[in-house]
**Q** 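Please see the structure below; I have some questions.
Scope of the values below: all heavy atoms of this structure, side chains included, with no hydrogens, waters or symmetry mates.
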Amino acid sequence: MSSTEIIIIGSGIGGLSCAALLAHYGLEVTVCESHSIAGGAAHSFQRDGFIFDSGPSLYSGLSYSPSPNPLKQVLDAIGEPLPCINYDTWGCYLPEGNFNTSVGVDQFCDILQQLQGKTAVEEWRKLQKVMKPLAEASVALPPAAIRFDWNAILTVAKFAPSLLLKSNQVFQITGPFSNIVDQVIRDPFIRHWLDLLCFLLSGLPASGTSTAEMAFMFADWYRPGVMLDYPVGGSGALVDALVRGLTKNGGKLRLNAHIEQILVKKKQAIGVKLRNGDTLTASRGVISNASVWDTLKLLPSDAVPQQWRKQKQETPPCESFMHLHLGIDGKNLPPDLPCHHIIVNDWEKGIMGDQNVVLVSIPSLLDPSLAPPGKQTIHVYTPGNEPYHIWSQLKRNSNAYEQQKEKRSQVMWQTLERIIPDIRDRVSVSLVGTPLTHERFLRRHRGSYGPAIQAGKALFPGPNTSLEGLWCCGDSTFPGIGLPAVAASGMILANTFASVDQHLQLLESLFL
C-alpha cells in the first residue's frame, strides 16, 4: 500500500491538465493510467517509423499568449512551451462542391459568393456582426480564473468589470446556438455549414450546441491574422509537455495501472485498488478523468445513492468512431495539398448521420518528422457518427469482426480516394480502428465520443459527485467535446484545491 494526497484516474488531457496544475500548486499527485501510453484520446503511437495521432488533429490558440484557449493557459501556467507549426487552410468536399477554405475574416465570404451568391454573403456578414459581442463575452472570463468554491468571488473579481460590460451577452451565450442561427440565417448552405462546425465542436448540431462554444470558435477562428496550429511532434508532444509539467514538480504518472475499484470508507472516497492488487490511498481525494459511465463502474454498489447512480447512468452518449491510420508513399502528391480535409457526403442524411461526415488529416505535410523520408502519415476518421450497437455483439479477432471492419472502413477509403486517387497503391502501413478499439484502449463506455448533453435542455454537472472525496474532470463535466473543454475542466478543478493566494499568483503570471 502507498499513499499520496490526490489520485487522478486516467491520463486524458483533462486529467493531465488537472494533475500538472496540482503539482505546480505543490500538491502530491499520482495519475493512474490503464493504457501503456498517456494521453487518453489524444495519445499518439508509432508503427514502422510512422507516428500517428489517435484522436484530435485540429488545434488553435496554442502558439501565442495570452490565449483564450484553456489548454494554452495550462501550458503557460506550468511553464511548458509547445512549439507549433502555423497554417490557415483546409480542404472541403461537400455536396455543393470541392474547395479550400481558411480561418480569418474574409476568405469564407469569397467561397459563399461563388457557391451561393450575394445574399448568402450578406447573411454571413450579419452573423459575424451578431457574434462579435458574443465572442467577446465568451472570452471575458478566462477559465483560469474559475474555481468551484466561494473563493471564486476573489479570483473572478479582477475580470468583473469586463463581465459586467458583457452581462447581456453572457446571458445570450447560455442557450443553444440554433437560437442565433434562426434569427440571422436563411441560406441552406450556411445553416448546414454551421451545423457541421457545431458537430465537430460538440458532437451535436446547432440545436444542441451552446452558443458559448460557437462564440468561442468565432473569437478564435474568424478574426484578422488568425492561424491554426499543429504541435511539432503531433498530439504526443502535447501530452509529453503536460507530463513534464507534472513530473518536474514531483507528480507521478503510473502507466499500465488499471484501476479496478474506488475505495470507499465511511461514505468517503479514500483511494483506489488496482487490478494487480496494489492499493493507493489519497488523503485529499480521488479525481476521475474517466467518463461518467466508466466512473460509475468503479464505485462499489452502495457507495452512492441509487437514484444518483441511475441519473448519471442515463446520461446520453454520442456515438463512436471508425479510424483508418495509413503510412503511404508520398511521391508526386500535389504540392498544394492541404493537411486537413472535411468531407460531408449528403446534407439530407443529417450532420449526425451514420458515416456521413469524414475527416482526413495528413499532418506529416506540416511536420515531416512524423513519417520516414519520402513518406506521409494519414489519419482518417468518422467523428462520433459510428453506431456502437452494430459492433457490440462481435468478438474481436473473429471472422465476423474482420469482415465488419473491412465493410465499415470502405467509406474512409472512398473518401481518401477523392483526395489521393491512387491511395491504395501507395500504402505500406494500414490500421483500422473500431468502436471496440476505442472501448478497449481508451476505456470509453461504448467507445463513445462523450456525453450528448443538449444545450438549453440540460446542464453539464461540473466536478462534484454525491460521494465525499470524489471529484470528476474531463468531457463528462464541462460543455464541449475537445481539448479546450477538457483542459478547462481540469484547470478549474485544480484551482479549487489551491489556496486563493496561489491561484491569484497564477492569474498574475498568465494575464498581467
**Q** Quick check: closest heavy atoms across A206 and C198, and the distance to 0.1 Å?
**A**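 Closest approach of A206 to C198, heavy atoms only: CA-SG, 3.6 Å.
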**Q** Using modelled atom types and a 3.5 Å cut-off, is there a donor and acceptor pairing between side-chain atoms of T465 and backbone atoms of L470?
**A**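 Pair found, side chain donor or acceptor close to backbone of L470.
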**Q** Looking only at non-hydrogen atoms, find the nearest pair between R254 and A257 and report the distance.
**A**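 So the two residues come closest at O-CB, 3.5 Å.
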**Q** Are any non-hydrogen side-chain atoms of F177 and S210 less than 4.5 angstrom apart?
**A**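 They are not in side-chain contact.
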**Q** When the ring centroid of Y449 is compared with that of F321, is the distance short of 6.0 Å?
**A**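 Aromatic pair counts; centres sit under 6.0 Å.
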**Q** Donor-acceptor pair, E80 side chain versus L242 backbone, under 3.5 Å?
**A**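 Checked: no pair found.
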**Q** Return yes if some donor-acceptor pair links the side-chain N/O of R275 with the main-chain N/O of E260 below 3.5 Å, else return no.
**A**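 Side chain of R275 to backbone of E260, a donor-acceptor pair under 3.5 Å: no, none is there.
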**Q** Can you confirm whether S34 sits close enough to R443 that some side-chain heavy atom of one is under 4.5 Å from a side-chain heavy atom of the other?
**A**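 They are in contact (side-chain heavy atoms under 4.5 Å apart), so the answer is yes.
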**Q** Say whether, by atom type as modelled, one donor and one acceptor occur between the side chain of S44 and the main chain of G234 under 3.5 angstrom.
**A**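 Not a single qualifying donor-acceptor pair exists.
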**Q** Show, in sequence, the C-alpha distance, side-chain angles and deciding distance for R284 and E28, and conclude whether the salt bridge (Lys or Arg N to Asp or Glu O under 4.0 Å) test is met.
**A** CA-CA 10 Å; R284 295 197 58 179; E28 186 182 17; over 6 Å; no
**Q** Is the gap between the ring centers of F148 and W471 under 6.0 Å?
**A**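 No, ring centres 6.0 Å or more apart.
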**Q** Hey, does Q403 have a side-chain heavy atom less than 4.5 Å from the side chain of S398?
**A**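 Sidechains of Q403 and S398: no contact.
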**Q** Near K267 NZ, under 6.0 Å, is it more than 12 heavy atoms from other residues, nucleotides or ligands?
**A**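 Atom NZ in K267 is not packed in, count stays at 12 or less.
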**Q** Are any of the side-chain heavy atoms of S448 and S320 separated by less than 4.5 Å?
**A**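 Contact flag for S448/S320 side chains = no.
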**Q** In Å and rounded to the nearest 0.5 Å, what is the CD1 to CD1 distance from I259 to I7?
**A**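 Going from CD1 on I259 over to CD1 on I7, the span is 7.0 Å.
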**Q** Side chains of Y401 and T434: do they bring a donor and an acceptor to under 3.5 Å?
**A**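 The answer is yes; a qualifying pair exists.
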**Q** From T247 OG1 over to L253 CG, what is the distance, rounded to the nearest 0.5 angstrom?
**A**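 If I round to the nearest 0.5 Å, the distance is 8.5 Å.
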**Q** Pair N495, Y25 - check side-chain hydrogen bond (donor to acceptor under 3.5 Å, both in side chains), show working.
**A** CA-CA 9 Å; N495 291 340; Y25 283 134; 2.7 Å; yes
**Q** Mind telling me whether H379 and H323 have parallel, tilted or perpendicular rings, with 30° and 60° as the class edges?
**A**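 It falls in the parallel class, under 30°.
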**Q** Any sub-3.5 Å donor-acceptor pair from W293's side-chain atoms to T315's backbone N or O?
**A**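 At least one qualifying donor-acceptor pair exists.
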**Q** Indicate, with yes or no, if the rings of F45 and F52 have centres closer together than 6.0 Å.
**A**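 Centroid separation for F45 and F52: below 6.0 Å.
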**Q** Tell me, do F50 and L326 make a side-chain contact under 4.5 Å, heavy atoms counted?
**A**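 Side-chain contact under 4.5 Å: no.
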**Q** How far does CG of L493 sit from CD1 of I146, to the nearest 0.5 angstrom?
**A**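 Reported to 0.5 Å precision, the distance equals 12.5 Å.
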**Q** Does any pair with a residue in residues 237-258 pass ring-ring contact (aromatic ring centres under 6.0 Å, His included), and if so which ones, sequence neighbours excluded?
**A**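 Applying ring-ring contact (aromatic ring centres under 6.0 Å, His included) to every pair that reaches into residues 237-258, excluding sequence neighbours, yields nothing.
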**Q** Determine, step by step, whether Q307 and Q311 satisfy the side-chain hydrogen bond (donor to acceptor under 3.5 Å, both in side chains) criterion, reporting the C-alpha distance in whole Å, the side-chain angles of both residues, the deciding distance to 0.1 Å, and the verdict.
**A** CA-CA 6 Å; Q307 184 177 356; Q311 178 191 21; over 6 Å; no
**Q** Dump the intermediate steps for side-chain contact (heavy atoms from CB on, under 4.5 Å) on S202 and E213, then the final yes or no.
**A** CA-CA 8 Å; S202 72; E213 292 176 64; 3.4 Å; yes
**Q** Other residues, nucleotides and ligands only: do more than 12 of their heavy atoms fall within 6.0 Å of CZ on R244?
**A**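 More than 12 within 6.0 Å, yes.
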**Q** Using a cut-off of 6.0 Å, state whether more than 12 heavy atoms not belonging to D346 lie near its atom CG.
**A**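 It does: D346 CG has more than 12 such atoms within range.
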**Q** If you apply the rule side-chain hydrogen bond (donor to acceptor under 3.5 Å, both in side chains), what do you find for H445 with D294, and how did you get there?
**A** CA-CA 6 Å; H445 170 75; D294 296 294; 5.2 Å; no
**Q** Counting distance only, does the side-chain N/O of Q404 pair as donor-acceptor with the main-chain N or O of I390 below 3.5 Å?
**A**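 Yes.
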**Q** When rounded to the nearest 0.5 angstrom, what is the spacing between OG1 in T211 and CE in M131?
**A**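 Between T211 OG1 and M131 CE, I get 6.5 Å after rounding to 0.5 Å.
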**Q** Below 4.5 Å, heavy atoms only, C-beta onward: do L200 and I342 meet side chain to side chain?
**A**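 With C-beta onward as the side chain, the pair touches.
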**Q** Please find the pair of heavy atoms, one from S235 and one from Y230, that lie closest to each other, and give the distance.
**A**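 Minimum heavy-atom contact is N-OH, 4.3 Å.
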**Q** Taking C-beta and beyond as the side chain, do K405 and W391 meet within less than 4.5 Å on heavy atoms?
**A**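 They are in side-chain contact.
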**Q** Are the side chains of L71 and S17 in contact, using a 4.5 Å heavy-atom criterion?
**A**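 A side-chain contact exists here, since the closest heavy-atom pair is under 4.5 Å.
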**Q** Which value, rounded to the nearest 0.5 Å, describes the distance between C472 atom SG and N289 atom CG?
**A**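 One gets 9.0 Å once the value is rounded to the nearest 0.5 Å.
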**Q** Keeping H340 on the side-chain end and S57 on the backbone end, is there a donor-acceptor pair under 3.5 Å?
**A**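 A pair under 3.5 Å: yes.
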**Q** Give me the atom names and distance for the closest heavy-atom approach of L82 to L62.
**A**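 Reported closest heavy-atom pair: CD2-CD1, 4.1 Å.
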**Q** Taking only residues two or more places apart in sequence or in another chain, which ones pass side-chain contact (heavy atoms from CB on, under 4.5 Å) with N397?
**A**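 Here the qualifying residues are E402.
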**Q** Quick one: does K273's side chain have a donor or acceptor within less than 3.5 Å of a partner on D278's backbone?
**A**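 Checking the backbone N and O of D278 against the side chain of K273, no donor-acceptor pair under 3.5 Å is found.
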**Q** Are L75 and L238 close enough, and set up right, to give a side-chain contact (heavy atoms from CB on, under 4.5 Å), and what steps lead you there?
**A** CA-CA 9 Å; L75 292 169; L238 169 58; 4.0 Å; yes
**Q** If only atom types and distance count, is the side chain of S65 paired as donor or acceptor with the main-chain N or O of S67 below 3.5 Å?
**A**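 Not a single qualifying donor-acceptor pair exists.
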**Q** Grab the two heavy atoms, one from Q355 and one from R408, that are nearest each other, plus how far apart they are.
**A**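 Nearest heavy atoms, Q355 then R408: NE2-O, 3.0 Å.
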**Q** Between R309 (side chain) and L296 (backbone), is there a donor-acceptor pair under 3.5 Å?
**A**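 Pair found, side chain donor or acceptor close to backbone of L296.
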**Q** Does the pair D195/R191 count as a salt bridge with the N-to-O cut at 4.0 Å?
**A**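 Looking at D195 and R191, the cut-off is not met.
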**Q** Begin from the C-alpha positions of I9 and T295 and carry the test side-chain contact (heavy atoms from CB on, under 4.5 Å) through to its verdict.
**A** CA-CA 9 Å; I9 302 171; T295 299; over 6 Å; no
**Q** State, to 0.1 Å, how close C18 and A494 come at their nearest heavy-atom pair, and which atoms those are.
**A**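 Closest approach of C18 to A494: O-CB, 3.7 Å.
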**Q** May I have the step-by-step check of side-chain contact (heavy atoms from CB on, under 4.5 Å) for Y381 and V360, ending in yes or no?
**A** CA-CA 7 Å; Y381 55 105; V360 175; over 6 Å; no
**Q** If you count every heavy atom of other residues, nucleotides or ligands that lies below 6.0 Å from K252 atom NZ, does the total exceed 12?
**A**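 No, not enclosed.
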**Q** Would you compute the distance between atom CZ of F478 and atom OG of S476 and round it to the nearest 0.5 angstrom?
**A**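 Going from the CZ atom of F478 to the OG atom of S476 covers 13.5 Å.
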**Q** Assess whether salt bridge (Lys or Arg N to Asp or Glu O under 4.0 Å) is satisfied between D475 and R444, documenting all intermediate values.
**A** CA-CA 11 Å; D475 63 12; R444 296 288 295 187; 2.9 Å; yes
**Q** Tell me, please, which residues at least two apart from H43 pass ring pair (Phe, Tyr, Trp, His ring centres under 6.0 Å).
**A**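 For H43, the residues satisfying ring pair (Phe, Tyr, Trp, His ring centres under 6.0 Å) (neighbours in sequence not counted) are H35.
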